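Just so you know, these numbers use all the heavy atoms, side chains as well, and skip hydrogens, waters and symmetry mates. Keep in mind it's a predicted model, so treat the numbers as computed, not measured.
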Amino acid sequence: MAGRADRTGNASLYSVPDIDRTKASIARVYDYILGGKDHFEVDRRATDAMYAVDPNAGHLARDNRNFLRRAVPYLVRDVGIRQIIDIGSGLPTVGNVHEIAHRIDRNIRVVYVDNDPVVIVHGRALLSRENTSTVIAADARIAESIFDDPDVAELIDFDEPLAVIAASVLHHLTDDDVYPAVEAIRERLSPGSHMLISHFLDDDEDRAKALEKAFLEGGLGTGRFRTWEDMYRMFEGLEMLEPGLVYCNDWHADRLTPTDSAVHTLLAAGLARKPG
């Protein structure tokens with residue numbers, strides 16, 4: 001099958017090794033929703049199962065992308081962050097974290113983290129001429145796979161403050177995995193560092209439960225909607241910054257925010273700082 005294009009006309013997917021084409025990928029589903037080309041039929045079927053339950057579910061991906069477009073400039077310009085680790089970064093798209101950050105300061109260092117082989121191949125191609133950004137293959141559940149990676153050590157000074165972004169990735173971890181994973185990441189942060197999280201929110205119970213079932217049983221296999229209390233637990237030991245933990249579209253809302261979003265109550269976000 002190598003070299004054969006799928007219906008999108010994208011042949012590059014078929015040249016990437018170690019792809020299980022029988023299982024949907026979080027990164028490829030996200031790419032499909034956002035109008036990209038790096039996805040297979042199995043990813044489209046998983047997305048269609050989600051849309052069958054809620055035709056507006058794709059706004060979760062779009063609202064999260066707009067959130068990042070607001071959050072990265074805030075971290076760089078207002079907080080003063082100069083190094084970022086983006087966990088669960090997904091496939092490259094318009095307005096990547098390093099591109100947004102470099103519009104403000106070309107010297108900001110960015111490490112992308114993902115465990116999808118397609119993301120790694122595409123990310124390395126995108127960053128081949130970058131000396132301030134890189135992408136590594138690592139698991140969000142294993143902090144040492146990120147923080148002890150030699151490529152990360154070349155860019156990130158762990159004695160200085162940094163920002164860890166976990167945007168729309170932690171809801172793909174089980175309850176048994178997510179809290180130990182976040183705790184391990186918090187422990188590795190230097191004082192003055194920040195953690196930015198966006199996450200599916202169980203604040204519209206019937207819709208959230210129906211969508212969660214579609215995610216878990218419709219082909220993707222992951223996607224949990226958690227409560228406000230569950231999300232606050234992820235920030236234990238950190239100082240929440242204004243406006244606190246809020247609906248994602250209310251976090252430093254500006255002209256990029258879709259105020260009429262159909263999924264306003266299904267996505268939350270917050271930023272917190274490690275004291276010291």
Side-chain angles (χ1 to χ4, degrees), residues 6-8 10 13 19-69 87-95 114-119 122 140-141 165-175 177-178 197-228 230-231 247-251 256-269:
D6 77 354
R7 73 179 187 186
T8 66
N10 180 19
L13 274 176
I19 298 180
D20 184 349
R21 297 165 191 155
T22 67
K23 295 182 180 179
S25 152
I26 298 165
R28 297 194 309 263
V29 166
Y30 197 89
D31 177 74
Y32 177 47
I33 293 170
L34 292 175
K37 296 180 178 180
D38 296 311
H39 42 79
F40 294 113
E41 183 63 35
V42 66
D43 306 305
R44 296 186 284 273
R45 287 199 302 269
T47 307
D48 290 343
M50 176 184 70
Y51 283 142
V53 170
D54 192 329
N56 294 306
H59 288 284
L60 288 166
R62 299 183 188 101
D63 288 357
N64 184 70
R65 176 56 52 176
N66 286 332
F67 163 66
L68 277 178
R69 289 171 180 161
I87 299 176
S89 54
L91 282 157
T93 185
V94 176
D114 212 291
N115 63 357
D116 189 308
V118 176
V119 173
H122 281 258
R141 298 169 297 181
I165 296 174
S168 283
V169 62
L170 297 176
H171 46 234
H172 293 297
L173 302 185
T174 67
D175 288 342
D177 287 335
V178 69
I197 295 175
S198 62
H199 195 293
F200 291 162
L201 178 66
D202 184 4
D203 198 38
D204 188 343
E205 188 171 354
D206 291 341
R207 285 182 76 193
K209 294 303 180 188
L211 269 174
E212 181 171 283
K213 183 177 181 179
F215 278 117
L216 296 177
E217 300 178 8
L220 187 58
T222 67
R224 290 164 172 79
F225 287 73
R226 295 189 168 100
T227 65
W228 293 107
D230 294 334
M231 284 198 64
Y247 293 130
C248 196
N249 287 329
D250 290 338
W251 194 90
L256 293 174
T257 302
T259 55
D260 60 345
S261 173
V263 294
H264 187 74
T265 61
L266 295 176
L267 193 66

>> I'd like to know if D175 pairs up with R226 as an ion pair, taking the criterion as any Lys NZ or Arg NE/NH1/NH2 lying under 4.0 Å from an Asp or Glu carboxylate oxygen.
In response: yes

> Do NZ/NE/NH1/NH2 and the carboxylate oxygens of K209 and D202 come within less than 4.0 Å?
Replying inline: yes

Minimum side-chain heavy-atom gap [X]-[Y] below 4.5 Å:
X: V178; Y: R224; answer: no
X: D116; Y: R28; answer: yes
X: L170; Y: M231; answer: no
X: V263; Y: R207; answer: yes
X: S168; Y: I26; answer: no
X: H39; Y: V29; answer: no

Between the side chain of [X] and the main-chain N/O of [Y], is any donor-acceptor distance below 3.5 Å?
X: R44; Y: Y32; value: no
X: H171; Y: F200; value: yes
X: D31; Y: L91; value: no

To the nearest 0.5 Å, what is the distance between [atom1] on [X] and [atom2] on [Y]?
X: T222; Y: L220; atom1: OG1; atom2: CG; answer: 4.0 Å
X: D63; Y: L267; atom1: CG; atom2: CG; answer: 6.5 Å
X: F67; Y: D250; atom1: CZ; atom2: CG; answer: 12.0 Å
X: D203; Y: T265; atom1: CG; atom2: OG1; answer: 6.0 Å
X: N66; Y: W251; atom1: CG; atom2: CH2; answer: 13.0 Å
X: L60; Y: S261; atom1: CG; atom2: OG; answer: 7.5 Å

Specify the closest pair of heavy atoms between [X] and [Y], including all atoms of both residues, with the distance to one decimal.
X: I87; Y: A140; result: CG2-CB, 3.7 Å
X: D114; Y: G90; result: OD2-N, 2.9 Å
X: L201; Y: T227; result: CD1-C, 4.0 Å
X: S198; Y: N64; result: OG-OD1, 2.5 Å
X: A46; Y: G219; result: CB-C, 4.1 Å
X: S89; Y: V119; result: OG-CG1, 4.2 Å

>> Let's go through Y51 and I33 carefully: what are the C-alpha distance in whole Å and the side-chain angles of both, what is the deciding distance for side chain to side chain contact (heavy atoms under 4.5 Å, CB included) to 0.1 Å, and is it a yes or a no?
In response: CA-CA 10 Å; Y51 283 142; I33 293 170; 3.8 Å; yes

>> Enumerate the salt bridge (Lys or Arg N to Asp or Glu O under 4.0 Å) contacts for residues 212-222, please, sequence neighbours excluded, ordered by first and then second residue.
In response: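 Non-adjacent pairs meeting salt bridge (Lys or Arg N to Asp or Glu O under 4.0 Å): zero.
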
> Is R62 atom CZ crowded by more than 12 heavy atoms from other residues, nucleotides or ligands, each under 6.0 Å away?
Replying inline: yes

> Going by the angle between their ring planes, with limits at 30° and 60°, are H264 and Y247 parallel, tilted or perpendicular?
Replying inline: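 Taking Y247 first and then H264, their aromatic rings sit tilted (interplane angle of 30° to 60°).
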
> Angle class for the H172/F215 ring planes (parallel below 30°, perpendicular above 60°, tilted otherwise)?
Replying inline: perpendicular

